[in-house]
Structure formats: structure tokens, C-alpha cells
Number of protein chains: 2
Amino acid sequence: MLKLSTTQNRTPGFDGKRLHLLESAARVFSQVGYDGASMRRIAAEAQVSPAGIYNYVTGKEELLYWIQYHTFDSLLKGLEHSLSGVVDPQERLATAVRNHVRHFGENMHELKVCARELETLEGEAYDAVHECRRTYFEAVHQLVKELEPTGGSRLDSWIATANLFGMINWFYQWYDAGRTQVSLDDLAAQQTALFLDGYFASTSNGDDGADK
Amino acid sequence: MLKLSTTQNRTPGFDGKRLHLLESAARVFSQVGYDGASMRRIAAEAQVSPAGIYNYVTGKEELLYWIQYHTFDSLLKGLEHSLSGVVDPQERLATAVRNHVRHFGENMHELKVCARELETLEGEAYDAVHECRRTYFEAVHQLVKELEPTGGSRLDSWIATANLFGMINWFYQWYDAGRTQVSLDDLAAQQTALFLDGYFASTSNGDDGADK
DNA sequence: GAGAGATACGAACGAACGTTCGTACGTGCC
DNA sequence: GGCACGTACGAACGTTCGTTCGTATCTCTC
């Protein structure tokens, strides 16, 4: 299932137009959900006829596939890039959270679609996205495990990582509901601090786990 | 919008049958989403004809409304009940998390629908559910604020509460994906500990914030 | 047992859906 | 100029959707 559209014999502007189409689709998906979004509405958003969409994509399914795959892929790429040169384990985790939250801020629609429609795709398309997502999760999980090389927290590192993702993924539900008093970097810092030291902790813990 | 179905002149078994219908609808909604669920499938799940649904409910929208309203309402009721007699602030928060997570375990379908379809309803129906949800959030927020009566954490209590909800709401995405090595109470305890003390904290903090 | 009203369902409605088809238009190559 | 082909769109297809309608059954009341 899900034949991908061919990428040969294309006009110069093809890639750009498809990207524009994916952005429009992500915008609509994030507003009304995958099932609630009609191809006609996506077409209108992208200023194309409904039939025109099928020049760039084999169907609705592939729209979601590309949005999700591209999002997790660039999350991972961004993580690897921003981690280079950072050695302190706490600082590395803070960097990862900042990367994630910033990415959310700059691609709110795409991330929202990824968070909400995780189980919408099926078959090979689901597997491909799932593999990409798993790689990203494991990269962050590794950062968590490296926090305490001597043998560990009393908490399960996998569960703690999952809960960390809960914090940084769930925030699309409440952030920017009008009351943007806090910047994305501030938010990332608070989430890092909460994860590392809890709500209570004394501030004696070095740089308190979130700076910059 | 959303005329509620009348509740007068009903047969004795009416309430029970409607509850059964709502459970079936919640099961289908949680599997394929609100938009992806057809009335025909819900009817089949409830062993009723599609037309028969409309004896108990004015339409699809009201199904979602009752599921969400009833869920948040019983979350709040359960919270108030389980808090009675508990005085230690950390223990009160631990109790709240346990209440939430247990409720998730016992009503996985309903909670999943509440988490995923928060923005699906519109107008009065949305407002009514939103008010109920806000009350529940504020109750937990109050518990967080009472953790440190002397003046507070370095973190914003509202944001910390929102992140707490991120942890305990997001877990439907990964829990029971086959690997149920950890009980719901254990999970609640880990989430409470993570929130109160962070991933790092020394275990010297009283009962470490999660017991029972 | 006659009447009323709640409960149940098969059939059908109009609307909207994702997608396909046929046909134009534009551009580059010989 | 003529051909090939990527791009674009209006119209239409078949399907499925939420809901309504007409009617049959069941259960009380008098």
C-alpha cells in the first residue's frame, strides 16, 4: 500500500511547489485533524485545484506520510547538530529539550499533526515513520541514561524519558492559547529544570540544569 | 447548537442502555478518532441499528459531549473523594496523580477520547466541557501551589502543573503497548517522584513523595 | 382489549468525500 | 512548425457519511 509518487522527469519548481503543498496540508490537518480535512480544503489552502494535488502526491495518505517523516527526520537532524560540542550531560539534555521546543515553535502545525495523528497511518507508511520516531526517542533516551553514569536514578530511565516527552509534546495543547508570557526558550528551561530537579529542588545544583 | 436529548418519559432501562451506547462510542472513538468513527460502526459495536442510536442521543456530537463531560466530572469527583483526610501536601499531590492514572487505567477509552478530541466540540458543548476541565485543572493546580506555602518554587506553578498534566495525559500514547511491566500505581508513583524531586534527586526527601 | 407512547429498525435521503478522467495549456527539443 | 510531456483544472464517478422517515413491536394505563 501507499505507492510513493515518482520523482523523475520533474519541472524545476516541482520540489518547491510540493513543499508548499505539504505546508498547506499540515496547516489544515493541525486545524481539523486528518480525517476532518478534505482534499478540497487543502487544495484551496494551497491555491490549487483538488485534482492538481495529485500531480505532487499519490493521495491524502502520502501527504500525512511526508509531513510526519520530514518532521521527525529534521527533529533528529537538528538534535545531532545542536549537540555537537556539548559535553556536560545535563547541558546535553537541556540542549535536546531546547531543540525540540524550538522546533515546535517554528513548525507548530507539523508537530501538532505528528503528535495527534501518530496512529493514523498504517502498513509500510506507519512502519517507516515509526522507525524514524523510534530513533529520535532512543537518542533522547540515551541522553537521559548518560545523566547518571555511576548507576542510575531510582527511576526507570525509559519511563522517565517517556514522561519527558509527555511534557514537551503535550504543551501544544496549552501553549499560545493567547497567553504567551513565556518564551519558548524559557519554557524549555523550565521543563529541563523540572525534569532534572523536580518542582522542589534546591537551586544549588550547578547551573540548575538550564541556562542560555 | 447541540440540542440535548430530553430525559423525560423514559423506560426504566433507558439510562443503562444509553450508558452502554456511550461506552461503545468511546471504544470506537478511541480506536479510529471522532471523525473516523461512523455511526454505523458505533451502532454495530453497541448491537443497535444505526437509526436506533437516535432514540438515546440527538446526534454524533452529543455522544462525544457526554463522554467528555462525564469523564471530567468523574475525574473531579474522584479527586475530591480520594483527597479527603489526606493533609500532607506531597501526599495530596501523590493522591491526585494516582487518582488520575488509575482512572486512565479503568477508563482508557474515555480518557483517550478526552485527550485526543479536546478541540473537536464547538460552541456551547465545547464551553461546558471546557469549564469542567478547567475546574479539574485548577484543583490540581491548587495542590501544586500548596506544595511550598512559604513562597514557592523557582518554577511557575501554572506551567509546572501543565507539564504535570503532560506527563500523566501523554502516557496513553505509550502505556500498554504490550510491555506492561509496570503497574498503574507504580507509574503514578514514578511520575509523582519525577515531578516532586526530578530525575536526579536524593532519596532523602521524606517518603520520596510516592508511597502506598 | 383498545389506545398511547416509548423503542426499534430497514430503507432511503442529500451531502460530502477521495479520486479519476478527459482535456486543455505551457514549455523545451528536433 | 510539430511533437512529447509535465502541469493544471472542471466535471464527474462511486462510495460513504450523518440523519430522517415510515412503520412495526413492545409495554404500560384505563
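Just so you know, these numbers use all the heavy atoms, side chains as well, and skip hydrogens, waters and symmetry mates. Here is the naming used below: chain letters follow the sequence lines, and residue numbers restart at 1 for every chain. Note that the structure is predicted; figures quoted are calculated from it, not measured.
When the P atom of C/dC9 is taken as reference, atom CG of B/Asn55 falls 9 Å away, rounded to whole Å. Separating the CZ atom of B/Arg18 from the P atom of C/dA8 is a distance of 14 Å, rounded to the nearest angstrom. If you take CD1 of B/Ile53 and P of C/dG10, they are 13 Å apart, rounded to a whole angstrom.
The existence of a salt bridge linking A/Glu91 and A/Arg98 is confirmed by a sub-4.0 Å separation between a basic side-chain nitrogen and an acidic carboxylate oxygen.
The side chain of B/Phe14 lies closest to C/dT7 when the candidates are C/dC9, C/dT7, D/dT7.
An OP1 or OP2 oxygen of D/dT7 is reached within less than 4.0 angstrom by no side-chain nitrogen or oxygen of A/Lys17.
For the side-chain hydrogen bond (donor to acceptor under 3.5 Å, both in side chains) test, no residue two or more places apart in sequence or in another chain qualifies with A/Lys17. Partners of A/Asn99 under the side chain to side chain contact (heavy atoms under 4.5 Å, CB included) rule, at least two apart in sequence or in another chain, are A/Leu75, A/Leu79, A/Ser82, A/Tyr136. Checked against salt bridge (charged side-chain N to carboxylate O under 4.0 Å, His left out), A/Arg92 has no partners two or more places apart in sequence or in another chain. Listed by chain and number, the residues in a ring pair (Phe, Tyr, Trp, His ring centres under 6.0 Å) with B/His20 amount to none (sequence neighbours excluded). Scored by the side chain to side chain contact (heavy atoms under 4.5 Å, CB included) test, A/Ala44 finds no partners at all (sequence neighbours excluded). Evaluation of the side chain to side chain contact (heavy atoms under 4.5 Å, CB included) rule for A/Thr120 yields A/Tyr34, A/Leu64, A/Glu117 as partners, not counting sequence neighbours. With sequence neighbours excluded, no residue satisfies salt bridge (charged side-chain N to carboxylate O under 4.0 Å, His left out) with B/Glu106.
Between its two ends, the helix from C/dA4-D/dT27 to C/dC30-D/dG1 turns its axis by 10°, counting five pairs per end and rounding to 10 degrees.
Counting only heavy atoms from C-beta outward, the side chains of B/Leu184 and B/Tyr175 approach each other to under 4.5 Å.
Residue pairs satisfying the salt bridge (Lys or Arg N to Asp or Glu O under 4.0 Å) criterion with at least one member in residues 24-42 of chain B, sequence neighbours excluded, are listed as follows: B/Arg27-B/Glu45.
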Under 3.5 Å, N/O pairs linking protein and nucleotides 26-29 of chain C:
none

So which protein N/O to nucleotides 14-19 of chain D N/O distances come out below 3.5 Å?
unit_1, atom_1, unit_2, atom_2, d
D/dG18, OP1, B/Ala37, O, 2.9
D/dG18, OP1, B/Lys60, NZ, 2.8
D/dG18, OP2, B/Met39, N, 2.7
D/dG18, N7, B/Arg40, NH1, 2.8
D/dG18, O6, B/Arg40, NH2, 2.8
D/dT19, OP2, B/Tyr54, OH, 2.8
D/dT19, OP2, B/Lys60, N, 2.9
D/dT19, O5', B/Tyr54, OH, 3.3

Show every donor-acceptor pair shorter than 3.5 Å between a side-chain atom in residues 156-172 of chain A and any protein atom, with sequence neighbours excluded, or say none if there are none.
unit_1, atom_1, unit_2, atom_2, d
A/Asp156, OD1, A/Trp158, N, 2.9
A/Asp156, OD1, A/Ile159, N, 2.9
A/Ser157, OG, A/His141, NE2, 2.8
A/Thr161, OG1, A/Ser157, O, 2.7
A/Asn163, OD1, B/Gln191, NE2, 2.9
A/Asn163, ND2, A/Ile159, O, 3.2
A/Asn169, OD1, A/His100, NE2, 3.0
A/Asn169, ND2, A/Phe165, O, 3.3

